[in-house]
Every structure is written in C-alpha cells, then in structure tokens.
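In what follows, a structure is listed as structure tokens, so that the remarks can point back to it.
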Amino acid sequence: MSFEQHINAFAKLSCFMMQFSENGNKNNMCASNENLNELFFERFEKAIRRSEQLNPWFTAQSTRMAISGIADMATREKLELWVRTFPTEKPVNMPLTIAVIMAGNLPLVGFHDFISVLFSGHRFLGKMSSKDTVLLPLLAEVLIQIEPKYKDFIQLTADKISGFDAVIATGSNNSARYFEYYFGKHPNIIRKNRNSIAVLTGTETPEMLENLAHDIYAYFGLGCRNVSKIFLPKNFDITKILPHFEAYANIVQHNKYANNYDYNSTIFSMNRVQHLDNGFMLFREAKELSSPISVMHYDFYNSNEEILEWISFYNNELQCIVGQTGFIENEIPFGKAQFPELTDYADNLNVPEFLFKLNF
C-alpha cells in the first residue's frame, strides 16, 4: 500500500474516533462516518463500557481521553507531515512480521506502534495485554472496513506468539529483562520504565498550574508521561501550588486509586515520613524519581545549571520534562504531556526508522 492509501484510511479512522472523544457526539462530519456508524457506533460505545468492567482503571473518561489524543494525532494533515520524516531509501523484501508486545497501563497505549508498523508496510502481530483486550481489536475491525487490504496485515492475540521477524516490546524493568532474554536474537526495540518530571520556576500562572494538574492526575498517574516528580526553586513554598490541583479532588472517589492513597497514607504515618496531604494525594520531599500511585515526589534546585546536570544524569529514565522555563531543551508546555504527536517517540526511539531499516 502507498503512503496515500495509509493516510486516507487512518484519516477516516481518526474522524470516526472523534465521535467518542471527551467532547464528541455522534455525527456524520466525515463522509465515511455514516456507513461506519451503522456498523460500529453502538459497538464502540459498548466497548468503552466493557473496558471499564474488565479493568476499572480504564474509566470511560480515561478511555475517551485516550481516544481524543489518538484522533487528534492521526488527522490527515498530521499524517502527511509525519510521512515526510520517514527514511527516503527504498526498502526491499517487504513485508516482515513485527511482533508488538503491548503494555496495559493506559487504554490503547500500543496504538502508536500499531500505526507505525502498518505505515512501514510490515505485518502487525500484536500480543495484547490482559488489561486491554477490547478496544484495539475493534479499532482494527473499523480500519479493515475502511481499507480491506489491512486484513492480511493485522493479527491480534492474547496467546503466545511465534513466526515474527522483529520485536517491539514495552513493559517494566523486570519484564524488559525477560524480553531481552527471549527476543534478544531478533532485531528489537525494548522499552523499560520511564517517568516524567515538571520543573517550576516560581513564576507560573494559575492557568499553568491547573494544566500541570492534568499532567499529574490524568489516567490516575499510571502513564510514563504522567509527572511523578516536581522540581521547585530553592525555598519555594510548595503549598502555594496545591490549591490549583483541587479540580481533581474527586479522583479519590475511584476505589482503586483510593486504596493506593489510603495504603500510602498509612505507611507514611506508621513510619513517620514527613509529607503533605491535600486530601487526595501525598506530597513527599524525596530524591527518588519514581513515585507510587497517589504520591508525588518533590525536590528543590539551586540553579539552572544544577537542574540541567540532573536531567543529563537521568536522561535515560525520563520520558517527558514539563515546564516553561526557557532553559530546558524539548520541554513540554503544562497540560500537554498526555497529548503526544506522531513524532513524539516513546523513549526517544524512532520506531518508523527502525522498521524501515529492517530491510537493508
């Protein structure tokens, strides 16, 4: 298939998905939607509800947020810009079968690998997480309805996989060791744990801090793009930023999140760990980068040079740096961490480049 065929298909898929975004409504704004809606609209709404039943972390709000991000990512305009970044060399011996081991921490978290494999002309062999088995298979059905040629290029399974030429695997540091052992003989991309930070200067506006709250609390903090640690200027009073997080106070009404909050609160109290509690999150001054669900680590820096040195040292453990400091390269504006573009590659690993070069 040509890039134009891929773009046409995924642009139609994007338009269909927009109906299920956070602010979406059933409509026929795309010419293709009328037919697709007859076949899939009710099934998709049911799939959103079913996902939450199978995995309580996948609330309807979280799933619709993920759908919003994907639909916005895969518009025709953005797809056309994306393919211009692909290698210009002509690959041979197409296609290969690419096994993709998907994580299950967020809804549809494997979509970027899905679209990358298909645009590269390879076959997608997806090993689904047991935590996320509903949405991607249905999206694949919609895509095949739009472009039947994809039928021979998409296979999704929850079972053991075999017969692949290369591997893309995402998981924890522990699972990464397993992946390296079993898939090390194949060309591979293996992603490990990563975390995101926010760097404040003390000059942030209320709007910026309210947007930061989204970077922290979206998806209950389960994603690698969620801020798990905040850096503050020396002597900054952290309590000044806490009122700007109040819009997410109801997060503690979610049973699984509340269990984590209660557990960590108890552990901190029993061990006399000094911390702040805003009623739905615990704030602890700590050097560690990664923090448990419902806990936010914070630390102080004395100079721009100090924070830049820290970032350089922990570069391989960072996914996103959120802030508007003006002195940090590639920082993401507040509120944008959960809305990556097609060229925002996880772990800074260029997946299309890897896929296209497999045939040389």
Side-chain angles (χ1 to χ4, degrees), residues 14 16-26 40-74 102-112 114 128-140 142 158 170-172 195-196 210-228 244-265 278-282 291-296 319-320 335-340 346:
S14 167
F16 172 77
M17 293 177 70
M18 286 179 185
Q19 301 176 110
F20 306 94
S21 63
E22 294 175 276
N23 300 313
N25 294 298
K26 185 175 182 179
F40 296 107
F41 189 90
E42 292 302 324
R43 288 183 62 193
F44 214 87
E45 287 286 359
K46 290 180 181 178
I48 292 173
R49 296 192 293 270
R50 180 61 174 160
S51 291
E52 184 171 7
Q53 292 170 353
L54 295 174
N55 182 354
W57 288 115
F58 287 11
T59 63
Q61 181 182 12
S62 290
T63 298
R64 292 184 189 279
M65 189 191 313
I67 290 170
S68 293
I70 291 171
D72 182 67
M73 174 197 294
M102 291 177 281
N105 54 323
L106 305 182
L108 292 168
V109 71
F111 184 86
H112 194 286
F114 177 71
M128 295 182 293
S129 166
S130 60
K131 299 176 182 178
D132 187 10
T133 59
V134 178
L135 295 167
L136 190 58
L138 185 54
L139 267 187
V142 179
T170 304
S172 66
N195 291 273
S196 297
E210 288 159 11
N211 288 336
L212 170 61
H214 187 273
D215 299 323
I216 295 170
Y217 296 106
Y219 304 116
F220 303 98
L222 291 168
C224 62
R225 299 181 69 89
N226 283 97
V227 170
S228 63
H244 301 285
F245 299 165
E246 287 297 323
Y248 288 86
N250 65 350
I251 194 172
V252 79
Q253 301 301 317
H254 187 274
N255 184 59
K256 292 180 77 68
Y257 181 91
N259 288 341
N260 282 270
Y261 170 75
D262 291 340
Y263 172 81
N264 287 310
S265 180
N278 68 350
F280 53 96
M281 177 167 266
L282 310 170
S291 59
I293 297 171
S294 78
V295 176
M296 174 59 60
Q319 194 67 264
C320 302
K336 298 297 183 181
Q338 298 300 339
F339 300 102

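None of these values were measured; they are calculated from a predicted model.
Using a 4.5 Å heavy-atom cutoff, the side chains of Tyr219 and Trp57 are not in contact. For the pair Asn226 and Gln338, the minimum side-chain heavy-atom distance is below 4.5 Å. Looking only at side-chain heavy atoms (C-beta outward), Asn255 and Pro56 stay at 4.5 Å or farther from each other. Put simply, the side chain of Tyr248 reaches to within 4.5 Å of the side chain of His214, judged on heavy atoms.
Note that CD of Gln53 is 8.5 Å distant from CZ of Arg49, once rounded to the nearest 0.5 Å. Once rounded to the nearest 0.5 Å, the distance linking CE of Met17 with CG of Asp72 reads 11.0 Å. Summarising the geometry, atom OG1 belonging to Thr59 is positioned 12.5 Å from atom NZ belonging to Lys256; distances are rounded to the nearest 0.5 Å. Atom CD1 of residue Ile216 and atom CE of residue Met296 lie 4.0 Å apart, to the nearest 0.5 angstrom. Within the model, atoms OG1 of Thr63 and CZ of Phe44 stand 9.0 Å from one another, a figure rounded to the nearest 0.5 Å.
The main-chain N or O of Arg64 is found under 3.5 Å from a side-chain atom of Ser68 such that the two form a donor-acceptor pair. The backbone N or O of Phe16 sits less than 3.5 Å from a side-chain atom of Gln19, completing a donor-acceptor pair. Judged by distance alone, with hydrogens and angles left aside, the side-chain atoms of Asn250 form no donor-acceptor pair with the main-chain N or O of Gln253 at under 3.5 Å. The main-chain N or O of Met18 is found under 3.5 Å from a side-chain atom of Ser21 such that the two form a donor-acceptor pair. Side-chain atoms of Asp132 never come within 3.5 Å of backbone atoms of Met128 as a donor-acceptor pair (strictly under, hydrogens ignored). In this structure, Ser196 contributes its side chain and Cys224 its backbone to a donor-acceptor pair below 3.5 Å. Counting only distance, with no hydrogens or angles, the side chain of Asn260 and the backbone of Ser294 share no donor-acceptor pair below 3.5 Å. Not one N or O on the side chain of Ser129 forms a donor-acceptor pair closer than 3.5 Å with the backbone of Met102. Side-chain atoms of Ser62 do not come within 3.5 Å of backbone N or O of Phe58 as any donor-acceptor pair.
Scanning for ring pair (Phe, Tyr, Trp, His ring centres under 6.0 Å) contacts around Phe40 gives an empty result, with sequence neighbours left out. In terms of the side-chain contact (heavy atoms from CB on, under 4.5 Å) criterion, residue partners of Asp215 (sequence neighbours excluded) are, by chain and number, Leu212, Val227, Val322, Phe334, Ala337. Under the side-chain contact (heavy atoms from CB on, under 4.5 Å) criterion, Val109 pairs with Ala103, Asn105, Leu106, not counting sequence neighbours.
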Under the side chain to side chain contact (heavy atoms under 4.5 Å, CB included) criterion, do Leu139 and Phe111 qualify, and how do the steps go? CA-CA 10 Å; Leu139 267 187; Phe111 184 86; 4.2 Å; yes
Q.
Go through it in stages, so that I can follow the logic: the residues are Met281 and Tyr257, the test is side chain to side chain contact (heavy atoms under 4.5 Å, CB included), and I'd like the CA-CA distance, side-chain angles, deciding distance and then a yes or no.
A. CA-CA 10 Å; Met281 177 167 266; Tyr257 181 91; 3.9 Å; yes
task = Please test Phe20 against Phe41 for ring-ring contact (aromatic ring centres under 6.0 Å, His included), starting from the C-alpha separation and ending with a verdict.
result = CA-CA 9 Å; Phe20 306 94; Phe41 189 90; 4.9 Å; yes
- Go through the steps to decide whether Phe114 and Ile70 satisfy the test side chain to side chain contact (heavy atoms under 4.5 Å, CB included), and finish with yes or no. CA-CA 12 Å; Phe114 177 71; Ile70 291 171; over 6 Å; no
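Closest non-hydrogen pair, Glu52 versus Ala60, comes out as OE1-N, 3.3 Å. Between Lys131 and Gly104, the shortest heavy-atom contact is CB-O, 3.6 Å. Between Leu138 and Ala47 the shortest heavy-atom distance is CD2-CB, 3.7 Å. In terms of heavy-atom proximity, Asn264 sits nearest to Ile293 at ND2-O, 3.0 Å. Ala213 and His244 make their closest contact through CB-O, 4.1 Å (heavy atoms, listed as atom of the first residue, atom of the second, distance). Among all heavy-atom pairs drawn from Phe280 and Tyr217, the shortest one is CE1-OH, 3.3 Å.
Around atom CD of Gln61, no more than 12 heavy atoms belonging to other residues, nucleotides or ligands sit under 6.0 Å away.
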